[in-house]
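Below is one structure, written out as structure tokens, with a few remarks after it.
For ligands, and for the atoms within them, numbers begin at 1 and follow the listed sequence.
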Amino acid sequence: MHVLHVVGARPNFMKASPVMRALQAYPGVRQTLVHTGQHYDANMSDVFLKQLEMPAPDVNLGVGSRSHARQTAEIMIGFEQVVLDRRPDVVLVYGDVNSTIATALVCAKLQVRTAHVEAGVRSNDRSMPEEINRVVTDCLADLLLTPSEDAEQNLRAAGVDPSRIRFVGNVLIDSLVRLLPAARAVKDPRIPEQFGLVTLHRPSNVDDSVNLKSLLETLVEINNDLRIVFPVHPRTRQRLGALGSEFKDLLLLDPMPYIEFLSIQSRATVVLTDSGGVQAETTFLGVPCLTLRSNTEWPVTVQLGSNVLVGNDRQRLRQELLRIREGRVREASIPPLWDGHTGQRIAKIVCEIATSSAPSCLS
Ligand code: UD1
């Protein structure tokens, strides 16, 4: 049986790694890794493959940065040929990036069985490019592997046939569980004893310079009381460059490798973020998280976990920070099936469907 995995952007690597590792336990399974090249900087891609002990990609489409339409189209053109040449039995696509929607669409047209890992997740905000990617990918994929109970409910509410859905848990947590001991051993001399960790890359926060400037001014104010550590995503770095050097008091770092980032995430007093993955990871770690967005695709992190949505409301942000600084931290628990074994559950299901009766048009 031939399973093909698609990765393209930073968050995909932590999700594909546990599934690839779990499939190694099945002797009849051959695996191919395709990297679209959506992320291409060494510190956004290569270092993740290395730390997660993933094999070198069999194919790299090298699409790089483009407008959404061009990036999606170039991935489709390159990936169509890969599927025609390699004839996988099943293709696994991960998360909600442009590489996910592009390759799911190619597979649907070629009638190759596709499984979407992290299906059903919704922010219900169609101004986010990722939300469009999630909705369309879930329409196209044959098998929808959900990370949380709300994701399953979203799919059922959209009228998806329940036979296509399996609740498997959050695969991102598998990589965290595996590499947390290595992360705990890392000592970075630049990082203070107490600090607030910031990550920002959503277009809604960083593409509008007025918004970004106001957010940075708030971070400078917070920095007077609690040192701000801010590994800067390349997209955000471009925007910061245009704003000048007035934010130099913040500890601005390059994007960090997975283990080093996990290390500081697990030690942070509080995390301020607009990332989906970081909301999930802080909930697992029990680290207080303030999400700088008005909605979340991970409502379970707010209901059960350590996450609070503060949106654009600076007063709310200050109040929540004060609460955390005074030790008034919310009771948080880990959502069901965020247990480090999701990759194994996915591997078992994928092997079952890949050998099921319905043939693909390529076989
Ligand atoms: C993408 C995903 C987002 C994910 C994020 C994680 C989509 C629509 N968005 O957003 O869901 O949370 O990855 O990082 O797929 N750049 C570099 N080096 C790189 C990659 C990007 O310098 O290796 C710069 C480029 O100038 C590019 C910009 O960052 O224009 C944005 O990259 P892009 O892949 O378009 O989207 P992200 O913002 O990274």
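With a heavy-atom cut-off of 4.0 Å, S275 does not touch ligand 1 at all. If you look at E130 next to ligand 1, the close heavy atoms, those under 4.0 Å, all belong to the side chain.
Ring-plane geometry between H233 and H201 is classed as parallel, the angle between the planes falling under 30 degrees on a 0 to 90 degree scale with a further cut at 60. Ring orientation note: the planes of W338 and W298 are nearly perpendicular, at an angle over 60° on the 30°/60° scale.
We find that R70 and E74 are not joined by a salt bridge, their nearest charged nitrogen and carboxylate oxygen being 4.0 Å or further apart. The pair D174-R21 fails the salt-bridge criterion, with no side-chain N (NZ, NE, NH1 or NH2) lying under 4.0 Å from an Asp/Glu carboxylate O. Under the 4.0 Å criterion applied to side-chain N and carboxylate O atoms, R126 and E130 are not assigned as salt-bridge partners.
For Q31 and Q24, the side-chain atoms include no donor-acceptor pair closer than 3.5 Å.
The shortest N or O to N or O distance between H68 and ligand 1 is not below 3.5 Å.
L216 approaches F247 most closely through the heavy-atom pair CB-CE2, 3.4 Å.
Of all atoms in ligand 1, listed by their number and element, those nearer than 4.0 Å to a heavy atom of H201 are 4 (C), 5 (C), 6 (C), 12 (O).
Among all non-hydrogen protein atoms, the one lying nearest atom 26 (O) of ligand 1 is Q238 NE2, 2.6 Å. Among protein heavy atoms, atom 2 (C) of ligand 1 sits closest to V97 CG1, 3.7 Å. What sits closest to atom 13 (O) of ligand 1 on the protein, heavy atoms only, is H39 CE1, 3.2 Å. Looking at atom 27 (C) of ligand 1, its nearest protein heavy atom turns out to be S65 OG, 3.2 Å. Protein heavy atom in closest approach to atom 38 (O) of ligand 1: R235 NH1, 3.0 Å. Annotation: atom 7 (C) of ligand 1 to nearest protein heavy atom, Q38 NE2, 3.6 Å. Looking only at heavy atoms of the protein, atom 22 (O) of ligand 1 is closest to P234 CB, 3.2 Å. Protein heavy atom nearest atom 18 (N) of ligand 1, with residue, atom name and distance: D41 OD2, 3.0 Å.
The distance from atom CD of E281 to atom OG of S275, rounded to the nearest 0.5 Å, is 7.0 Å.
Put simply, no part of R66 is less than 4.0 Å from ligand 1, judged by heavy atoms.
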